[in-house]
Structure formats: structure tokens, C-alpha cells
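Comments concern the structure below.
Quick note: numbers below take in every heavy atom, side chains included, and nothing from hydrogens, waters or symmetry partners. The first residue of the sequence shown is numbered 1, and numbering continues consecutively from there. It should be emphasised that the depicted structure is a prediction, and the values quoted were computed from it without experimental measurement. Counting starts at 1 for both ligands and their atoms, following the listed order.
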Amino acid sequence: MKSLNIPSWPQSGAREEELLRSVLHSPQWGGFHPLVGEFERQFAAAHHANHGISAFNGTVTLELALSLLGIGAGDEVIVPAISFISTASAVSRVGATPVFVDIGPTSFNIDPEQIAKAITSRTKAVIPVHFGGTMADMEAINAIADEHGLWIIEDAAHAHGSEWKGKRAGGFGITGSFSFQNGKVMCAGEGGILITNDDDFATRARSFVNVGRKAGESFYSHYRLGTNFRMTAFQAAVLLAQLERLPEQIARRTASVGLLKRLLGDIEEIVWQDEPAAMTQNSRYLMCGRFRSKTVTRDAFHAAVTAAGLPCTPFYPHTLYQNPLYAQEECRVMPCPNSEAYVRDAFWFPHRVLLADEETIQQAAEVVRAAALGQSQETGAELNVRRG
Ligand SMILES: Cc1ncc(COP(=O)(O)O)c(C=O)c1O
């Protein structure tokens, strides 16, 4: 079979080069270059928010959000049991206790009913993650947070441009945190940003990331205990170019997801992540599914797909609370049967697969079909089939 023409990631073009060169030839390479402020404004506006506060990654932005809300020792913060570690470690880093709750059976996202069950008098906040770009049910989560007086910090690290009934991810709570790490749909190698509509939160965040300075005051006057989380101008230059390309790339990925689902609609072995009707745009960071077959294991499916040249990840090796870290760090774990089952049967395709051309997507669908049915593409013979 012809090898699959899957694009590489990250991608860059003349625009990144032009903006990077402008920084390179300027006397300011750090966070005080005007492109950093320009990126913050453009990214916030693209996410329907009044303020953007950039930082050097999307882990410190979560830690910053929690500490600015005064969350610390004795407090609990509800997080999904399935995410990247930073969603939970940020809670631990500020001295609070992460409370792990289950995700829905096919949503890949925190289950609002399980949030409600986990609330105690110590609960201060909830951090929904929009897994793979598909948003958590923000209406249900907002209602619970309002009823119990909880802060919502959206971990929108996967959800650049995702939209719920016309409203962009990151704007549903006090703040939303994004990552621009190397694999994200907008990337600068590293990078992060908080967006918010709360003027006071924005002022405090901006001061914190800039060693406690106050806008318009002396460079050597520091008004609060802050630190230096500033994004460099090189990151901002790359990200401005990536932001320009985001809409066309979302459209391309969305078309690919539609085509793959159409071509694979009869494959009962795969249950794709839910598509909430309320979502009006999806970043399509990951195309996620659960694999359930009587004859082929998830690992055999993954091995066959990968061997055919289609990039695929066989999900996280454990839930967040099963990480060695949480054998030592304090946490509370609600029953998470779904999360534990995903670890055994879920997988995802990274977004660069979805940037491929239509012909490649059709070939990819054939690869997935053959792997799901336990057939080698070359011979049609059974492959890696589980016996007994
Ligand atoms: C859900 C989630 N939250 C937070 C982060 C942390 O972002 P960063 O790598 O920019 O620190 C990531 C990934 O990298 C992530 O996937």
C-alpha cells in the first residue's frame, strides 16, 4: 500500500518568518515587545474575551489562576480523572486538594452529575477540560457552580476556537487557560494564556506575571508578590501567525472528521467522542474514540493503525489519580469507572492527521477499517487477533 501522506506538525510559513525576523531585528526580544500585547489582544478578541494575559506555558497559567483566586491549603478543587497532569498538579502546587471525578461514558469530558456529587464545604472551584477540543457541558457546569458558589477555571488547552452556542471556550468562568505547547493546534514550542472578562482579575494577573509591577508605574516599583511568567516576543510572533491560520485549519480538520465518520459509520467497534449539539465550532485537536471488539484488542488495533503509517495514541496509560504522583500527594478520588475503562479501550488521532488532504483521509479510513476488523491491509488476513 502507498504510504500515507500525513502532514508534519508544527507548521510554519512566510508569516512566522516575517514576524520572527521583525523581533530578531528589534532591540526587544522579551515580553515588552509590542507584539506580545498585540497577540494578547488578538487572541482574547478571537475568544470573545476582554483580556488576555500571556505566560510561558499553559501549566503556570493554571497555577496562576488558582493562586489569584486565593485557592490554597484546606481547599478542594474538582478536576476530571482524565486529563494531562497539569490540570491536577496545578491544584496541588498551590497547596489545595484535587478531587478527581469521572468523565461521561462517551463524552471524554467531566460528567456534571459527578461534579455535583463531589462538592463539600471545602470545594472552591472546578476545572473542566475540553478534551480534544470538544467542550464539556458548560451550561450544566455553570448551573452547578452558580448554585454552590464555585469558581470555574476552564482548562481550554485543547480548545482554541471551540465554541458553545456561539460563545468561545475560555469565557464561561472567571478565566480560561490555553496552552501553546508544541503539539497544540496553535503552538510556539511553549506558551500559554489566560483570558478573562473580569477587569480586576486581569489587572492582578498582569501584575503577577510581571513581578508585581503596576501598569504605567516605575519599572523598579513592585506592588504585589509576583513572579516573571512573561512570554517572549519570539513566542508571540509565531502565535500571531498561527492565530491567522487557525480558522482555515479548523475548517480543514472539521471536514476530515466529517468524512472519516461517514466512511467509518458502519464500524461498530468504534464509538467516537460525542458531538454536543450545542457546539458551533470545534478546534478538533484530537479525534477520540473508544474501541470495543470481541476479537481485536485496543492495543492490537492501535499497533495495526500505527504500522500502516497512521499516527494514533492509545490513550493515557492511567487516570490522573493512578499516576505515581498521587500515591504521594494528597487527593480525593470519587468513583471513576468510566475513566478507568477509557484507559483500557480509548485512543485518539492527533490533529495533523485531520490536516491531510481528502485522498489521504480516504486511505486513512481504509487503514482504520482494516485494523478494527483485524485484517491486514495487504492480505486481508487476520492480524493480532485476540484468541479465546
Ligand atoms: C489539558 C491540558 N492542560 C494543561 C496542559 C499544560 O500545558 P503546557 O504544556 O503548555 O504547560 C496541557 C498540555 O500540554 C493539557 O493538555
(request) Taking the side chain as every heavy atom from C-beta outward, state whether Ile82 and Phe131 have any pair of such atoms under 4.5 Å apart. (result)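 The answer is yes; the side chains approach within 4.5 Å.
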
(message) Between Arg332 and Phe100, is there a side-chain heavy-atom distance shorter than 4.5 Å?
(response)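 Of all side-chain heavy-atom pairs linking Arg332 with Phe100, none is under 4.5 Å.
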
(request) Can you spot which of Tyr316, Tyr342, Tyr285 makes a ring-ring contact (aromatic ring centres under 6.0 Å, His included) with Trp348? (result)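 Single pass found, and it is Tyr316.
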
(request) Using the six-membered ring of Phe347, assess whether NZ or CZ of Arg298 lies under 6.0 Å from its centre and within 45 degrees of the ring axis. (result)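 Not satisfied by the 6.0 Å and 45° rule.
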
(message) Can you see whether Phe178 has Lys184 sitting over its ring - NZ or CZ less than 6.0 Å from the centre and within 45° of the normal?
(response)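 No - Lys184 does not lie over the ring of Phe178 by the 6.0 Å and 45° rule.
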
(message) Just to verify, which of His48, Arg168, His47 counts as forming a side-chain hydrogen bond (donor to acceptor under 3.5 Å, both in side chains) with Glu163?
(response)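 Answer after filtering His48, Arg168, His47: Arg168.
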
(request) Below 4.0 Å from any atom of ligand 1, which residues have a heavy atom? Give them in chain and number order, please. (result)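 Near ligand 1, by chain and number: Asn57, Gly58, Thr59, Ser83, Phe84, Ser86, Thr87, Val129, Asp155, Ala157, His158, Ser179, Gln181, Lys184, Gly191.
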
